[in-house]
Amino acid sequence: MELRFFPLDFDYQLREGKPFIYLYGKLEDNTKICVIQEHQPYFYAQFHKTNYAQIERRLKELIVEGKDGPAKITSWEIVEKELLGKKEEFFKIYVNYPKAVPLISKELSDWGLDCYERDIPFIHRYLRDKNILPFSLVEAKGKFILDQKMRVPLFEAEEIKPFSNETPPKFKILALDIETYSPERIEINPEKNPILMIAFYGIDEKDKEFRKVLTWKKFRHKLDYLETVSDEVELLQRFRQIILDYQPDILTGYFSDGFDLPYLHLRAEKYKIKLDLGLDYSELETGSKSDFREGKSRITGILHLDNLKFIRNIFGKNLKTESYSLDAVSEELLGHRKHQVKISELAHTWDHLPDKLEDYCEYNLHDAHLALQLCQKLLPDMIEFTKIIGIPTFDLIRMSFSKLVENYILKSAMEHNVLAPNRPGKNEIDLRMDQTYEGGFVYEPTPGLYSDLAVFDFRSLYPTIITAHNIGPESLNCSCCELEKRNNIPGEKNYWFCARKKSFLSKLLERLILIRVDLKGTLKEAKANGEDTKMLESRSYAIKTLANSFYGYTGFFGARWYCLECAKATTAYARDYIKKTIEKAQQKGFEVVYADTDSCFLLLKDKHLDPALEFMNEVNFDLPGHMELEFEGYYPKGIFVAAKGSEKGAKKRYALISENGKIKITGFEIVRRNSSPLAKEVQMEVLKLILIDKKEEALFYLKGKIKELLAGQIAKEKLVIKTQITRELSSYTSIGPHVAVALKMLERGINIFPGVVIEYIIAKGSGLIRERAKLPEEVKDGEYDSEYYLHHQVLPAISGIFAVLGYKEEDLYKDSSQTGLGQFF
DNA sequence: TATAGGCATCCCTAGTGGCAATT
DNA sequence: AATTGCCACTAGGGATGCCT
């Protein structure tokens, strides 16, 4: 019989010694199902034909003992594949089970053979071989089989193939959040501290909601979703039952990979409760006990999506947020925040004031609700990335950027009969890491307040250069073009790219660019018709993100398709194009104010935009391929400042105001996390006023603020400086203020790890700044170091701006500081 | 096992030289 | 007179976070 289903989660198992892929998903009527299919693992090897017969005999006899039984080669065939542009013959070697691939290939490597694609995860291999995309409708031919070890019907497929691109319209999603007992502030200790409450927030395909909070303390309340159990053991048992009863397609949370699920797991282990939540009765898998924060949490058959992982790895660069806390991310993506509850007092409330626990239950449920909404919001993006890259969503959202690109290339490699180069070994990585090359060109601006600026930039500069100039490891230094192309790359020598045969990499990129152009048309149409465009936008974003990552990938030391010349040539062309554009503008009589990598700022004469647009068209006329210079915008005013302690114009630091009064800030303290809100606020106000020609007002405002500052009247929150810890505290050679504060926090039992953002205030006192750096709660109102905030925060933020108008730094604070100091002496 | 390089800025670190106190 | 200790000053570099 035939059936159609949407595969969502994947696994493989040996059945009577044979490898089977397990595709967990649902039918079009939302019934859950597991489809299995046998599949042969394989890899490739290359060896010299002279030894052919001898090698074949050895292959036949080879047996390596492994955990899953003796690893053997089941068969092999000779195939022609393209490796880095060269067509060659390889042996495709099939083995008896997935883990035999590393065992057998290791042995073959020891014989001196080159092995390829021996580290491709078996499930990824299968999906690519069958051309199946997760979340897309798949057709399977076969029969239902009985298996008592499954919680869902099991269907064995003889044949399986993609049916359509369709994605399920709705999912059954369950979000999860736990609260734990922690007397010592943020201490996390699953050995010692129990779980106090668990919140669930679910939604099914019919939009019916499910809300529940479990807790094991009895108290009076008015919450209809609260279920009280007798103790933590029962709490964990109920947790298990609720997941099993609800049967979600997707389980979600916020850092559920590294906190909620491993914590539940460790507490369950403590009481010897089995969390056999998998649809095959397998247990919840989480990271190791010692560093569970780093691990992944998996339940076989239920797709676990940790929103934080996706945001941190992939989606985050699209966000403005300075922190990846649930609160900050929810605010940006959903427009609402966490409930404000003093979570540090939960333990005390639990012990002594149980009647006040209701607030915490609400808080707990609300967090689960936020996780659910985040998942719903991000799911289209996760799905579109999944469909383009063709790997399980579980793996995808936990992947670094470079791996995303690599997996996209791997999928396409199969379609183009290209063999993947191996990942670099340790020595190779070390060599690559020593290599650097020149990047983009930045034009030094002359400090000043300018009027009437037109900004142009190259659309997708690097991707379009790669395709227009056929850059790629496969086309590098071809023998056919050597004589004619040897010195074609601007400013580069002794390498070139083929003019005849398109490289695999640039072909791929070109395909992405074309799909996106097409998509933009569809999107426009859909919008005009008032259709829902979320999915199309997600797809467009995914494609753009991927395309933009190709260049960085070729210069990345860990890449399979590493190609230093490719990266070098890409930036060399880019520098050439932007410099030529600048020259051309100057020849046309425009003054160029600034340029960075792919952008160019022109001064308009008498406000006339038309000549500038004409110039743009002329540039475009000469550009190859998909390259295009675009008009980014017109700005009535813009300010460029000097670098500190220098006459020279500062690069990457300017502000523009558009016709509708919107201010665009680049590089200034305003957009930097590690600057106090006070400095940001003052800088913003001053810039605003100056950009609308209110210089006097700006100065007046500033002096007022300085007076306030020196009088100790600035609110504490405005003085908080936030700085991230980026490594283990012990590996700092230079102890800055944030590290000093972090060390203090560590002493108090607060968990500090890379990624934590430290908040501190500089208090009065003497000595090094770090000696005065205090936790915000340690500093009483007015006890901040006003001199520090004046000379290290406020003045540096605005003196460059006022300098453009001809003011010296002393002019800015002299009179106000006298009145200010008068209060102290 | 971190997609790239370019850049401004802050603050610590280590080195230098000057000066006064000490041997 | 030579040595030591302290201080002020500065160049250089570690560290962070931005820009494209």
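Lettering follows sequence order; numbering is per chain, from 1. Quantities reported herein were computed from a predicted structural model and do not represent experimental measurements.
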Side-chain N,O (His738(A)) to OP1/OP2 (dT16(C)) below 4.0 Å: yes
Face-on cation placement of Arg653(A) at Phe640(A) ring, 6.0 Å and 45° thresholds: no
Touch class at under 4.0 angstrom, heavy-atom based, for Gly552(A) against every strand present: base
Sugar-phosphate, base or nothing in reach of Lys644(A), heavy atoms under 4.0 Å: sugar-phosphate
Donor-acceptor contact below 3.5 Å, side chain Asp257(A) vs main chain Asp306(A): no
Sugar-phosphate only, base, or nothing, as touched by Arg423(A) at under 4.0 Å among non-hydrogen atoms: base
Nucleotide range of DNA chain B lying under 4.0 Å from chain A heavy atoms: dT1(B) to dT13(B)
Touch class at under 4.0 angstrom, heavy-atom based, for Val671(A) against every strand present: sugar-phosphate
dA15(C) OP1/OP2 closer than 4.0 Å to side-chain N/O of Thr733(A): yes
Sugar-phosphate, base or nothing in reach of Glu406(A), heavy atoms under 4.0 Å: nothing
Inter-nucleotide C1' distance (dT16(C), dA2(B)), Å rounded: 16 Å
Residues Ser538(A) and Asp381(A): side-chain donor-acceptor under 3.5 angstrom: yes
Sugar-phosphate only, base, or nothing, as touched by Phe441(A) at under 4.0 Å among non-hydrogen atoms: nothing
Touch class at under 4.0 angstrom, heavy-atom based, for Tyr654(A) against every strand present: sugar-phosphate
First of Gly558(A) and Gly555(A) reached from the 5' end of DNA chain B, by closest nucleotide: Gly558(A)
Under 3.5 Å donor-acceptor, Arg459(A) side chain and His626(A) backbone: yes
Atom pair distance, as rounded to whole Å: NZ in Lys680(A) and C1' in dG17(C): 11 Å
Touch class at under 4.0 angstrom, heavy-atom based, for Thr726(A) against every strand present: sugar-phosphate
Sugar-phosphate, base or nothing in reach of Arg727(A), heavy atoms under 4.0 Å: sugar-phosphate
For atom CD1 of Ile665(A) and atom C1' of dC18(C), their distance in whole Å: 14 Å
Sugar-phosphate, base or nothing in reach of Ile735(A), heavy atoms under 4.0 Å: sugar-phosphate
Touch class at under 4.0 angstrom, heavy-atom based, for Lys568(A) against every strand present: nothing
Sugar-phosphate, base or nothing in reach of Arg673(A), heavy atoms under 4.0 Å: sugar-phosphate
ring-ring contact (aromatic ring centres under 6.0 Å, His included) against Phe401(A), all qualifying residues, sequence neighbours excluded: none
Rounded interatomic separation in angstrom, taking CG from Asn674(A) and C1' from dA15(C): 10 Å
Sugar-phosphate, base or nothing in reach of Tyr732(A), heavy atoms under 4.0 Å: sugar-phosphate
Rounded distance (Å) that lies between atom P of dA15(C) and atom CD1 of Ile721(A): 19 Å
Side chains of Tyr784(A) and Glu787(A), donor plus acceptor under 3.5 Å: no
Sugar-phosphate only, base, or nothing, as touched by Ala643(A) at under 4.0 Å among non-hydrogen atoms: sugar-phosphate
Phe315(A): which of Tyr324(A), Tyr541(A), Phe385(A) passes ring-ring contact (aromatic ring centres under 6.0 Å, His included): Tyr541(A)
Nucleotide paired to dT3(B) in any strand shown, Watson-Crick or G-U, under 3.5 Å: none
Euclidean distance, atom NZ of residue Lys544(A) to atom P of dT20(C) [Å, nearest integer]: 13 Å
Extract all donor-acceptor atom pairs below 3.5 Å that involve side chains of residues 436-447 of chain A and protein atoms in other chains or at least two apart in sequence.
from	atom 1	to	atom 2	distance (Å)
Tyr437(A)	OH	Tyr551(A)	OH	2.9
Glu438(A)	OE2	Arg575(A)	NE	3.4
Tyr443(A)	OH	Val592(A)	O	3.4

